[in-house]
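Notes follow once the structure below has been shown.
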Protein chains: 2
Amino acid sequence: MAKVKKTPRPKAQTPKGFRDYFGAEVTQRAEMLQAIAGVYHRYGFDALESSAVETVEALGKFLPDVDRPNEGVFAWEDDAEGWVALRYDLTAPLARVYAQHRKDLPLPYRRYAMGPVWRNEKPGPGRFRQFYQCDADTVGAASVAADAEICAMLADVLETVGIPRGDYIVRVNNRKVLNGVLEAMGVTDEGQQAAVLRTIDKFDKVGESGVRELLGKGRLDASGAYIDGVGLSDAQAEPVIGFLTARQHDNSGFVEELFFAAMEGDLKKFGRFADIVSTLISDDRESADVHFEAQNILNLATLMRLEEIVGNSEIGKEGVRELDEMVALLTAQGYGPDRIVIDPSVVRGLGYYTGPVFEAELTFEILDDKGRKRQFGSVAGGGRYDDLVKRFTGQAVPATGVSIGVDRLLAALHEKGRMHNVAQGPVVVTVMDRDRMPDYQAMVSELRAAGIRAEVYLGNPKNFGNQLKYADRRGSPVAVIAGEDEQARGVVQIKDLVLGARIAENASLEEWKERPSQYEVPRGELVARVRAILDGTT
Amino acid sequence: MAKVKKTPRPKAQTPKGFRDYFGAEVTQRAEMLQAIAGVYHRYGFDALESSAVETVEALGKFLPDVDRPNEGVFAWEDDAEGWVALRYDLTAPLARVYAQHRKDLPLPYRRYAMGPVWRNEKPGPGRFRQFYQCDADTVGAASVAADAEICAMLADVLETVGIPRGDYIVRVNNRKVLNGVLEAMGVTDEGQQAAVLRTIDKFDKVGESGVRELLGKGRLDASGAYIDGVGLSDAQAEPVIGFLTARQHDNSGFVEELFFAAMEGDLKKFGRFADIVSTLISDDRESADVHFEAQNILNLATLMRLEEIVGNSEIGKEGVRELDEMVALLTAQGYGPDRIVIDPSVVRGLGYYTGPVFEAELTFEILDDKGRKRQFGSVAGGGRYDDLVKRFTGQAVPATGVSIGVDRLLAALHEKGRMHNVAQGPVVVTVMDRDRMPDYQAMVSELRAAGIRAEVYLGNPKNFGNQLKYADRRGSPVAVIAGEDEQARGVVQIKDLVLGARIAENASLEEWKERPSQYEVPRGELVARVRAILDGTT
């Protein structure tokens, strides 16, 4: 007789690299997304929700992180459509949406989008294959006013979700300046340009000396492997290093020199920036705000330094002018160098973007896994990408935008203790007498009608201890107890679980010993008395 | 020489069956989801967001719609995990989540979830392969109090999102009653039981006579194809018909008879329901509310009729008792038969659920594509499914829940004119002089700081007419105009576009002719004057 093969039980497990989010994790993210959407909306951006599935053809392969070129998408073959895939970001779908619907959309088209994106990467600790993005982009606006607007909006978003001024900085760079640097260096070979770009992208990891090595002969990396260099001479590499460190070159005394010159009204040194300086220092800002002035001067010094490095390159000069113009626009709106600065060390995505590039960093320190202090780092980035729509239509359409890493922002707020981990549990009406279920249901109805989160215990009511354990597990502030005796007397027992927990923790405190955490109230006062406990007015 | 083949441009097109959502479509759905989440939360349900991707093994094949057995999922093979797929609903993932995390979850576990689900169906008009669901489920509560709670919550949800009492009805059925009917009929063969279930599922489409034919010899369907019947005799089929029409059998005079008996206090006829009737009619409800009483009596008459049909079947009697208990619990909380009724004609998902089954229907009439009146129909459904978690753990875990069709609910609100299609556009500050961009940016900053949605025109400003066309397309209430002349005089022009549009429509009205839609205001009064237009207090 053939044996009947039993199907084994399925494993209850998310696929690797995916996870579930519970309770406050979900609602806190939803609240943050809503707050961000509010800012985007006030800036005139309209919501867009594109489908999660796109044709592979439409998605293309334009991930902004050039250091992960092999990173893939989740794709499968559809009977009707051929190869389709889950979106890996919200920008590629925007290009498709704009190309598809451009006749019905306003020009410029400002849109925001939020939702999960999927990356078919090797999962690792804290590295997920599904995560949220929250983007805002302007399509069809060539002016850097659009880029400046997005930087200002980014600052507003951060302050709206609870990152105060001083705890973040938006750094701005420009791809055109780099192109100018390469032009001035005489690096015209596309392959070599790409190699320089890939090297620069490692600046965050390997630092100035690392980039110097990688631009030259090569470098032994941490794993012991030798990485071939681009093959530039030290002299050739110098302008690239100069570009990357243009903001940090104050150790030369240049910034100090400019600063004191500005303070003394000696504006000749500022060349064509003299007018801007005169505006900045004549500002009736409090004289104590030296840091602010110094940052302003540092912005200008950086611009001057960049202008020097790009030499006669037209594209390079255009890049410097764009940075200059963005700073002027932002300053006019009150977004000074305490919030937005020029910093060519921002290299993330320089290979992807075509003009201004920006990144928001949180500047406060946290402790890493090993207990070492470090800055929290980047939570948002973006820039101008003028070629994405062209793929579809053949016509260049200027576009610029930002993507906010919502999960990292939430983590930052938790680190700073600005978010409560535990949501308020419901009031639990316990079940003393199964036949009186309608009465218990009536109690929670009344509580809910008063806007109070409440539920009847719906597990097996036999073991009353389990009911209280349940209330505890739910983080319930109050349990309601009403048995036969209470019903006969028209009362209910109210158990203040928050107070009870405090008493349990500090049993010695006389004040609390005298306050009972469980007491009887008339049935008719149930809602009012529970409300009093929740409001802390008992 | 080999010709270089040019890659053709990608098509800018969503895959078939997918679509994009713009502006108010997105925000209105977000607001509705938030409102629903608020009700769920007040009932003690906690948020859960599971991953969109599951292993095919974990998902299983348990779609509630038994008339579409071939409906598939979007699946692909993952290097690390084998076959994975996009979730097709929110219930299958809940079973996996509960099995995976049960040690850390409270028991019972009440959770809500909302988000897109994907079905690999043949796309058709108005039939999408990605759509939103919004579910609430209770896992680990065997009592029908959990089912009753979900019905009450469903009613609250509908009223919260703008469907008033009277415009909806929640119908409740119970799979156990049907099992009892089959048992009483002597249909014990599993294949035949399944055939009866499949037939019943077509009740909505083919009606009583159609089901009668399909239970018997068979039926010629609308396409001319002959559908084989189950092969029951007319007499055998009768109890099934009796079950399906148990609520509608009032034409026999039975309900009238009971109603008048109740009014006269003659409760003998109600058998074991006599007590309930005496409670119901002694209620100090306004005597005018005859409809309400009649519905109560109809509920009871339906129960009595079902009790008769299931005969001595234990499972059938249990089903009737459960319906009875749900009605009692709901009535005690004020959810009377004007909102929740017993109706065995609810057959959707009877093959999937194991106990109570419910469906919310909107009862108001709309015009269909052909201009015919019809009821709007179902917007939510659910029931008890006690076997889903067992697949993973081998242990039966009772569960019950509801799924709300958010997109249908939104459509219903639009049909009823309860939702405005057009969101408020931003105030548009036009660009008369490109060099004055910082001034224009300062204006929108001030407006935004006052909470007013505002933007600077960021397209090419050369053609001023295009700027006003843009404002029009955005649905802007106000355009701000400030050229050289205005700047010199410290004023701005305000153009009231809402008023302008009204004047254009009704140019004859004297009242409006006298009110200019464009006027000059001091620069310092910009925000106040725009605010006045938005508030309608000019």
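The structure displayed is predicted, hence computed values, not measured ones. The sequence lines fix the lettering, A, B, ..., with proteins before strands; numbering per chain opens at 1.
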Fill in the blank from the handout: For B:Pro106 and A:Arg473, the nearest pair of non-hydrogen atoms, with its separation, is CA-CD, 3.8 Å
Practice task
Tell me, for A:Pro438 versus chain B, whether the close heavy atoms (under 4.5 Å) come from the side chain, the backbone, both or neither.
Solution key: both
Fill in the blank from the handout: Across all chains, not counting sequence neighbours, the ring-ring contact (aromatic ring centres under 6.0 Å, His included) partners of B:Tyr335 are none
Exercise for the section: Select one option (side chain, backbone, both, neither) describing which atoms of A:Phe45 are under 4.5 Å from chain B's heavy atoms. Expected result: backbone
Exercise for the section: Pick one of side chain, backbone, both or neither for B:Asp78, based on which atoms fall under 4.5 Å of a heavy atom in chain A. Expected result: side chain
Exercise for the section: Could you tell me which portion of B:Gln441 (side chain, backbone, both or neither) has an atom closer than 4.5 angstrom to a non-hydrogen atom of chain A? Expected result: both
Exercise for the section: Measure distances from A:Arg111 to the heavy atoms of chain B and classify the residue's part below 4.5 Å as side chain, backbone, both or neither. Expected result: neither
Practice task
Heavy-atom distances under 4.5 Å only: say whether A:Pro108 touches chain B with side chain, backbone, both or neither.
Solution key: both
Fill in the blank from the handout: Honestly, the part of A:Leu48 sitting under 4.5 Å from a heavy atom of chain B is both
Fill in the blank from the handout: The interface call for B:Pro116 against chain A, heavy-atom contacts under 4.5 Å, is neither
Fill in the blank from the handout: Looking only at A:Lys469, A:Glu77, A:Lys122, A:Arg29, most heavy-atom pairs under 4.5 Å shared with chain B are made by A:Arg29
Return all side-chain donor-acceptor pairs below 3.5 angstrom for residues 15-25 of chain B, not counting sequence neighbours, or 'none' if the list is empty.
unit_1: B:Lys16; atom_1: NZ; unit_2: A:Glu81; atom_2: OE2; d: 3.1
unit_1: B:Arg19; atom_1: NH2; unit_2: B:Glu25; atom_2: OE1; d: 3.1
unit_1: B:Arg19; atom_1: NH2; unit_2: B:Glu25; atom_2: OE2; d: 2.8
unit_1: B:Asp20; atom_1: OD1; unit_2: A:Ser51; atom_2: N; d: 3.4
unit_1: B:Asp20; atom_1: OD1; unit_2: A:Arg96; atom_2: NH2; d: 3.0
unit_1: B:Asp20; atom_1: OD2; unit_2: A:Arg96; atom_2: NH1; d: 2.7
unit_1: B:Asp20; atom_1: OD2; unit_2: A:His101; atom_2: NE2; d: 3.2
unit_1: B:Glu25; atom_1: OE1; unit_2: B:Phe22; atom_2: N; d: 2.8

Completion exercise
Answer key: most heavy-atom pairs under 4.5 Å with chain A among B:Ala332, B:Gly44, B:Ser50 is B:Gly44
Practice task
Let me know if B:Thr393 has heavy atoms under 4.5 Å from chain A in its side chain, its backbone, both or neither.
Solution key: backbone
Problem - Side chain, backbone, both or neither of A:Glu149 within contact of chain B (heavy atoms, under 4.5 Å) - result: side chain
Handout entry: Which portion of A:Tyr470 sits near chain B, non-hydrogen atoms under 4.5 angstrom
Key = side chain
Completion exercise
Looking only at B:Ala58, B:Gly394, B:Pro426, B:Ala442, most heavy-atom pairs under 4.5 Å shared with chain A are made by B:Gly394
Fill in the blank from the handout: If you tally heavy-atom pairs under 4.5 Å between each of B:Lys11, B:Arg42, B:Glu455 and chain A, the highest tally belongs to B:Arg42
Fill in the blank from the handout: Turns out that what part of A:Val84 lies under 4.5 Å from chain B's heavy atoms comes down to side chain
Handout entry: Under 4.5 Å from a heavy atom of chain A, the part of B:Arg434 involved
Key = neither
Handout entry: Atom group of A:Gln333 that falls short of 4.5 Å from chain B, counting heavy atoms
Key = both
Fill in the blank from the handout: When the 4.5 angstrom heavy-atom criterion is applied to B:Gln34 and chain A, the contacting part is side chain
Problem - Heavy-atom pair count under 4.5 Å with chain A, highest-scoring of B:Ala47, B:Ser143, B:Gly451, B:Gly459 - result: B:Ala47
Practice task
Pick one of side chain, backbone, both or neither for B:Leu105, based on which atoms fall under 4.5 Å of a heavy atom in chain A.
Solution key: both
Problem - Contacting moiety of A:Tyr109, where chain B heavy atoms sit under 4.5 Å - result: side chain
Handout entry: Per-residue contact mode, A:Glu446 against chain B (heavy atom under 4.5 angstrom)
Key = neither
Practice task
With a 4.5 Å cut-off on heavy-atom pairs, point out which of B:Ala145, B:Ala30, B:Ala95, B:Ala146 contacts chain A the most.
Solution key: B:Ala145
